Amino acid sequence: MSEKEPKVTDDMVVSMAYVLEVDGEEIDRADEDDPMLFLQGHGNIIPGLESELYDMGVGDSKEVTVQPADAYGELDPENRDQIPRDILPPDYEPMIGDPLELRDTETGEVFQVYVADLDDENVIVDFNHPLAGETLNFQVKIVDLRPAQSEELAHGHVHTHGHHH
Ligand code: ZN
């Protein structure tokens with residue numbers, strides 16, 4: 001037939017099943033019947049994985065090992081800060097590991113941080129991603145591929161049913 005088999009290229013919407021292991025332990029997965037969707041070439045996923053997917057076709061599998069620098073960065077143990085509990089919403093009870101968004105009141109910049117420790121008055125927040133410093137082992141399988149729509153390209157992300165932002 002004349003139709004060319006689609007391959008992973010920039011601006012393709014990729015449906016991907018994966019298993020993510022760190023130190024031999026599974027920490028995340030998406031199965032083939034509920035794959036992760038993302039727009040290739042737009043930094044939707046970590047760079048060390050995105051770069052390994054080019055030219056894969058539907059049904060192809062691959063094992064990909066990603067070093068910290070190409071994943072969630074090196075771990076910087078100094079990169080912590082203490083914030084008073086009373087700047088958090090009063091109805092929020094922080095738990096270790098919770099993600100928080102902090103806004104720098106001077107620059108307006110928003111930081112994603114994680115609750116590392118707690119006492120009665122303060123929360124120690126960690127600016128490192130929980131997977132910083134970790135080598136990630138992915139087993140990936142391409143489940144589906146389609147060209148992105150122009151609106152998706154303009155936004156730089158995939159639009160799924162009933163979900164637009
Ligand atoms: Zn959008």
Side-chain angles (χ1 to χ4, degrees), residues 1-76 79 89 92 95-104 107-116 125-165:
M1 298 297 287
S2 60
E3 200 170 329
K4 226 174 113 208
E5 291 241 331
K7 299 283 186 193
V8 176
T9 57
D10 286 342
D11 302 341
M12 290 292 277
V13 173
V14 181
S15 301
M16 185 178 79
Y18 68 91
V19 176
L20 169 58
E21 290 186 353
V22 172
D23 297 329
E25 191 184 335
E26 180 182 317
I27 60 165
D28 196 15
R29 72 184 295 140
D31 292 318
E32 286 186 49
D33 57 2
D34 189 19
M36 175 171 80
L37 270 69
F38 59 92
L39 184 56
Q40 176 76 8
H42 292 257
N44 290 179
I45 62 171
I46 56 170
L49 182 57
E50 184 173 54
S51 63
E52 291 294 318
L53 301 179
Y54 288 104
D55 281 334
M56 291 180 74
V58 174
D60 289 351
S61 300
K62 191 173 188 178
E63 207 161 306
V64 180
T65 299
V66 184
Q67 300 302 320
D70 297 316
Y72 295 101
E74 304 291 349
L75 185 66
D76 177 2
N79 202 3
Y92 166 65
M95 302 274 282
I96 290 174
D98 278 359
L100 295 178
E101 282 188 352
L102 294 186
R103 184 182 301 275
D104 186 312
T107 65
E109 196 178 349
V110 174
F111 297 92
Q112 172 89 64
V113 301
Y114 298 86
V115 176
V125 296
D126 194 333
F127 289 79
N128 293 288
H129 188 279
L131 290 174
E134 303 284 7
T135 298
L136 309 183
N137 295 292
F138 289 94
Q139 179 71 45
V140 303
K141 183 176 184 183
I142 305 302
V143 177
D144 197 17
L145 290 168
R146 66 166 171 84
Q149 295 157 355
S150 57
E151 196 183 44
E152 290 175 316
L153 290 176
H155 290 199
H157 57 231
V158 174
H159 291 164
T160 51
H161 300 290
H163 178 79
H164 181 256
H165 52 118

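Just so you know, these numbers use all the heavy atoms, side chains as well, and skip hydrogens, waters and symmetry mates. Since the model is a prediction, treat every value here as computed from it, not as a measurement.
Under the 3.5 Å distance criterion, the side-chain polar atoms of E50 are left unmatched by any main-chain donor or acceptor of Q40. Looking at N79, its side chain never comes within 3.5 Å of a backbone N or O of N128 through a donor-acceptor pair.
Here the shortest heavy-atom pairing between D126 and A116 reads CB-CB, 4.0 Å. P68 and T135 make their closest contact through CD-OG1, 3.7 Å (heavy atoms, listed as atom of the first residue, atom of the second, distance). Between Q112 and Y114, the shortest heavy-atom distance links the atoms CG-OH, 3.7 Å. The heavy-atom pair separating A30 from M16 by the smallest distance is CB-O, 4.2 Å. The heavy-atom pair separating N44 from L39 by the smallest distance is OD1-N, 2.9 Å. In plain terms, the two heavy atoms of V8 and L53 that are nearest each other are CB-O, 3.2 Å.
Ring orientation note: the planes of F111 and F127 are nearly perpendicular, at an angle over 60° on the 30°/60° scale. Ring geometry for H157 versus H159: interplanar angle of 30 to 60°, hence tilted.
Here OG1 of T160 is found 9.0 Å from CD of E152. Values are rounded to the nearest 0.5 Å. Separating the CD1 atom in I142 from the CG atom in D60 is a distance of 7.5 Å, to the nearest 0.5 Å. A distance of 9.0 Å separates OG1 in T65 from CG in L136, rounded to the nearest 0.5 Å. In this structure, CG in D23 is found 5.5 Å from CD in E134, a value given to the nearest 0.5 Å. Annotation: the span from H155 atom NE2 to S150 atom OG amounts to 9.5 Å, rounded to 0.5 Å. The CD atom of E21 sits 6.5 Å away from the CD atom of E26 when rounded to the nearest 0.5 Å.
In this structure the side chain of K62 never reaches within 4.5 angstrom of the side chain of F138, judged on heavy atoms. M56 places a side-chain heavy atom less than 4.5 Å from the side chain of V140. The shortest side-chain heavy-atom distance between I46 and D70 does not fall under the 4.5 Å cut-off. The side-chain heavy atoms of Y18 and L49, taken from C-beta on, include no pair separated by under 4.5 Å. Inter-residue side-chain proximity for I45 and V14 is flagged as unmet; no heavy-atom pair is nearer than 4.5 Å. Counting only heavy atoms from C-beta outward, the side chains of D31 and R29 approach each other to under 4.5 Å.
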List the steps, then state whether side-chain hydrogen bond (donor to acceptor under 3.5 Å, both in side chains) holds for H42 with D10.
-> CA-CA 8 Å; H42 292 257; D10 286 342; over 6 Å; no

